[in-house]
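Each remark here refers to the structure printed beneath this line.
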Amino acid sequence: MTSPTVLVTGAAGRVAGQLLAGLDDVRLRLLDRRRPEEPSGAQVLVGELTDRDLLARAVDGVDAVVHLAGEPNPDADWADLEAPNVDGFVALLGAAQEHGVRRVVYASSVHAMGRYEAEGRYPIDPTWAPAPCCPYGATKAFDEAIAGVFAHRHGVSTIGLRLGATEPEPFAARQLPGWLGPADLRQLVLRAIEADVRTGMYSAVSANSGGRWSLGTARADLGYQPVLDSADWADRVEDDGAGLTTCRHP
Ligand SMILES: NC(=O)c1ccc[n+]([C@@H]2O[C@H](COP(=O)([O-])OP(=O)(O)OC[C@H]3O[C@@H](n4cnc5c(N)ncnc54)[C@H](O)[C@@H]3O)[C@@H](O)[C@H]2O)c1
């Protein structure tokens, strides 16, 4: 079987940096407004997500998209979120539809469900209604809704991964329940590219002791088998004492 061709957007970013090294078995195409470091053999496109011509070239002939481009700051104002997190994603989905892309895996966030965490309702079941805790989380909840529309009406299979704190290692106590380590990130994205699922949203965290985000559907639907546990770093992280929820503005 030939390797799938996968477009990774936001390829110069922090999450992509942890992901790309593990995508050995795929042919990569990379898009970002900043020039990313190029894994050998990858095609690179530099520009804006809302540039239709660029997007058309980016998605042409790809089997799947891993969409990471966006504003990742949970404290960002709406004015800074709307273009990258809303307009850019809608443009990408439109291009994916026009060019017959089979699967779009996109970065949502635990902030799309952050109110449950603030209210202490654990474990958070990914099938519950979205409950964002901040404008950033609301953009992710919108992305999940519009991704479902494209799957339902336009035949683009969409899988949202509600990423937790995606770091090589957790460095603050607040991150422990929702940490996603690099090996689990890579496994989850690869499973999401291949899974026999039309559309859905999944918790994307490691198998953290005392975790708050249910992994039941990720295990059942995607075959995700996380291998990392933030408890292994618990005695080394900063005690940030911030009420220990992911979102600092419940
Ligand atoms: N880092 C985390 O812990 C975390 C947690 C939850 C969700 N996420 C989500 O994962 C995704 C990636 O996050 P990250 O931490 O790597 O962010 P990042 O800022 O490090 O990387 C995002 C990349 O997207 C690019 N980009 C942004 N807007 C663009 C546009 N309009 N056109 C082209 N390129 C654009 C930026 O240049 C940047 O390189 C984001 O959607 C973020 O919301 C991240």
Side-chain angles (χ1 to χ4, degrees), residues 7-21 29-38 44-55 57-59 65-76 79-93 95 104-114 117 124 126 132-144 146-147 158-172 174-182 184-186 188-189 192 201-206 208 213 230 245-248:
L7 168 70
V8 178
T9 73
R14 290 184 315 137
V15 173
Q18 295 165 70
L19 174 70
L20 290 174
R29 192 176 292 175
L30 308 178
L31 184 152
D32 201 295
R33 57 164 59 131
R34 302 181 285 149
R35 178 162 285 280
E37 283 180 30
E38 298 167 36
V44 175
L45 296 104
V46 177
E48 287 295 316
L49 268 182
T50 43
D51 176 339
R52 284 177 61 93
D53 292 340
L54 180 83
L55 268 185
R57 280 187 282 131
V59 299
V65 177
V66 176
H67 175 60
L68 302 174
E71 170 54 65
N73 179 5
D75 296 329
D80 295 321
L81 291 162
E82 186 177 2
N85 290 14
V86 176
D87 300 338
F89 187 48
V90 174
L92 174 75
L93 289 170
V104 175
V105 177
Y106 61 96
S108 181
S109 167
V110 290
H111 288 81
M113 303 290 271
E117 192 190 19
I124 297 162
C133 50
C134 49
Y136 166 75
T139 66
K140 297 299 186 180
F142 172 81
D143 288 349
E144 294 176 355
I146 195 72
T158 53
I159 294 191
L161 300 178
R162 289 177 175 149
L163 304 180
T166 308
E167 301 286 347
E169 296 183 356
F171 55 82
R174 171 172 47 86
Q175 297 172 332
L176 294 174
W179 178 59
L180 176 63
D184 290 337
L185 167 71
R186 290 175 203 135
L188 190 49
V189 169
M201 286 83 77
Y202 298 92
S203 303
V205 298
S206 286
N208 305 315
W213 312 92
S230 60
T245 56
T246 309
C247 195
R248 281 162 287 175

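Atoms within a ligand are numbered from 1 in the order they appear, just like the ligands themselves. Nothing here was measured: the structure is a model prediction, and the numbers come from that model.
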When you measure from the heavy atoms of [X] to every atom of ligand 1, does any distance fall below 4.0 Å?
X: R162; value: no
X: A11; value: no
X: Y136; value: yes
X: G17; value: no
X: A165; value: yes

Considering non-hydrogen atoms only, spot the tightest contact between [X] and [Y] and give its length.
X: A58; Y: L31; value: CB-CD1, 3.6 Å
X: Q18; Y: P182; value: OE1-CG, 3.9 Å
X: N208; Y: V205; value: ND2-CB, 4.2 Å

Does a donor on one side chain and an acceptor on the other come within less than 3.5 Å for D87 and T50?
no

Any N/O of [X] closer than 3.5 Å to an N/O of ligand 1?
X: S109; result: no
X: E48; result: yes
X: S108; result: no
X: G10; result: no

Taking non-hydrogen atoms only, is K140 closer than 4.0 angstrom to ligand 1 via side chain, backbone, both or neither?
side chain

Residue, atom name and distance, where the atom is the protein heavy atom closest to [atom]:
atom: atom 32 (N) of ligand 1; result: L49 N, 3.0 Å
atom: atom 16 (O) of ligand 1; result: V15 N, 2.8 Å
atom: atom 40 (C) of ligand 1; result: L68 O, 3.4 Å
atom: atom 6 (C) of ligand 1; result: L163 O, 3.2 Å
atom: atom 3 (O) of ligand 1; result: T166 N, 2.9 Å
atom: atom 19 (O) of ligand 1; result: P72 CG, 3.3 Å
atom: atom 34 (N) of ligand 1; result: R33 N, 3.2 Å
atom: atom 15 (O) of ligand 1; result: R14 NH2, 3.5 Å

Whether the side chain of [X] engages the backbone of [Y] through a donor-acceptor N/O pair (distance < 3.5 Å, no angle test) should be reported.
X: Q175; Y: F171; result: yes
X: T139; Y: G137; result: no
X: S206; Y: G181; result: yes
X: R29; Y: R57; result: yes

State, with a plain yes or no, whether a side-chain heavy atom of [X] is found less than 4.5 Å away from one of [Y].
X: L92; Y: L55; value: yes
X: K140; Y: N85; value: yes
X: H67; Y: L49; value: yes

For ligand 1, which atoms sit closer than 4.0 Å to a heavy atom of [X]?
X: G47; value: 32 (N), 33 (C)
X: A107; value: 9 (C), 10 (O), 11 (C), 41 (O)
X: R34; value: 37 (O), 38 (C), 39 (O)

Note: heavy atom closest to atom 37 (O) of ligand 1, options L31, V110, T139, D32, belongs to D32

Salt bridge (charged side-chain N to carboxylate O under 4.0 Å, His left out) partners of E144, counting only residues at least two apart
R162

When rounded to the nearest 0.5 angstrom, what distance separates CG in L161 from OH in Y202?
9.5 Å

